Amino acid sequence: LMPCPWPPPPPRNDPWQRRPYNPPSPPCPVMSTLIVTFPLPPARGAVGTPVSSGAPSALEYSYLLSPDGQSMGSHATALAAALPLPSGAGAEVVGVLPFEALSWHQVDLPKGITAGSPRLRAVLEGLLEDRLLDDTDALHFAVQPQARSGAPIWVAVCDRSWLRMHIQALEAAHRPVSRLVPELSPG
């Protein structure tokens, strides 16, 4: 991704540059990006954990609002309904999953299975069932981008209800998540 040349460079006074070979590009669209970190789930059986700590309305999100998708803007912590709204064409909300909420597993996808395969989840459940502590029905699986069959790939696993709770809380606050990204990833 090339940075947007804004402001545009000043015109050159070179007579040979009167008619540029490439026409000038249109101005870059200004799109803002809201980057939101999902809070960690409360520890199971944690002593002293308030009952309301898991309620979506009581969760505070750390956020960063980038005015152009490339530079840092305002940042703070707020409830979902109080998060700033991204604006402009192409504005998006990016959910960041903390590394403590993910477990990473490397597996070899069998031949014929790709990221878009309808059997992918069943294959991943079979490959990972001995490595996971929780029931696979309670988990969400995400494969690395550009995953190819017959090659080792990384699979991120997290609690499905925790992920759904945050996505729904942001949607209810009119800030639907357009992308999910891990805070850290292997490799």
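Remember, predicted model here, so these are calculated numbers, not experimental data.
Nearest heavy atom pair, residue Pro182 against residue Val96, reads C-CG1, 4.5 Å. Among all heavy-atom pairs drawn from Leu170 and Leu83, the shortest one is CD2-CD1, 3.5 Å. Annotation for Ala80 and Ala169: closest pair CB-O, 4.0 Å, computed over non-hydrogen atoms. The shortest heavy-atom contact between Leu34 and Pro84 is CD2-O, 3.2 Å. Across all non-hydrogen atoms, the minimal contact from Ser117 to Ile113 is OG-CD1, 3.8 Å.
None of Leu163, Leu40, Leu184 except one satisfies the side-chain contact (heavy atoms from CB on, under 4.5 Å) rule with Leu97; the exception is Leu163.
Counting only heavy atoms from C-beta outward, the side chains of Pro39 and His166 approach each other to under 4.5 Å. Taking 4.5 Å as the limit, some side-chain heavy atom of Val123 sits within range of a side-chain heavy atom of Pro110. The shortest side-chain heavy-atom distance between Leu64 and Met72 falls under the 4.5 Å cut-off. Side-chain contact between Val93 and Pro86 is present, with heavy atoms from C-beta onward closer than 4.5 Å.
Panel note: side chain Glu60, backbone Thr77; no donor-acceptor pair is recorded below 3.5 Å. Between the side chain of Glu171 and the backbone N or O of Pro176 there is no donor-acceptor pair closer than 3.5 Å.
Here the CZ-CG distance, from Arg160 to Asp134, works out to 12.0 Å after rounding to the nearest 0.5 Å. Interatomic distance, OG of Ser103 versus CG of Leu139, reported as 7.5 Å (0.5 Å rounding). Atom OH of Tyr63 and atom OG1 of Thr37 lie 12.5 Å apart (nearest 0.5 Å). With values rounded to the nearest 0.5 angstrom, Ile153 atom CD1 is found 10.0 Å from Thr114 atom OG1. Rounded to the nearest 0.5 Å, atoms OG (Ser149) and CG (Leu109) are 7.0 Å apart. The distance from the CZ atom of Arg179 to the CD1 atom of Ile35 is 8.0 Å, given to the nearest 0.5 Å.
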Phe38/Trp162 under side chain to side chain contact (heavy atoms under 4.5 Å, CB included): CA gap, chis, key distance, verdict: CA-CA 9 Å; Phe38 291 4; Trp162 168 80; 3.8 Å; yes
Test side chain to side chain contact (heavy atoms under 4.5 Å, CB included) applied to Phe141 and Leu132, step by step: CA-CA 12 Å; Phe141 299 98; Leu132 301 171; 3.9 Å; yes
Check against side chain to side chain contact (heavy atoms under 4.5 Å, CB included), Val181 and Val94: CA-CA 7 Å; Val181 297; Val94 178; 3.8 Å; yes
Candidate pair Val157 and His105, rule side chain to side chain contact (heavy atoms under 4.5 Å, CB included), full reasoning: CA-CA 8 Å; Val157 182; His105 305 274; 3.7 Å; yes
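Under the 4.5 Å side-chain heavy-atom criterion for grouping Ile, Leu, Val, Met, Phe, Trp and Tyr, Trp104 is not connected to Val143 through any hydrophobic cluster. Both Trp154 and Leu102 are part of a single hydrophobic cluster, where members link through side-chain heavy atoms under 4.5 Å apart. Val177 and Val36 end up in the same hydrophobic cluster when Ile, Leu, Val, Met, Phe, Trp and Tyr side chains are linked at under 4.5 Å. Hydrophobic clustering places Leu180 together with Leu59 (ILVMFWY residues linked when any side-chain heavy atoms are closer than 4.5 Å, directly or through intermediates). Residues Tyr61 and Met165 share a hydrophobic cluster, clusters being chains of Ile/Leu/Val/Met/Phe/Trp/Tyr side chains in contact below 4.5 Å.
By the 6.0 Å contact criterion, CZ on Arg119 is open, its count of non-hydrogen atoms from other residues, nucleotides or ligands being 12 or less. In Glu100, the CD atom is crowded: over 12 heavy atoms of neighbouring residues, nucleotides or ligands sit closer than 6.0 Å.
We find that Arg121 and Glu125 are joined by a salt bridge, their nearest charged nitrogen and carboxylate oxygen being less than 4.0 Å apart.
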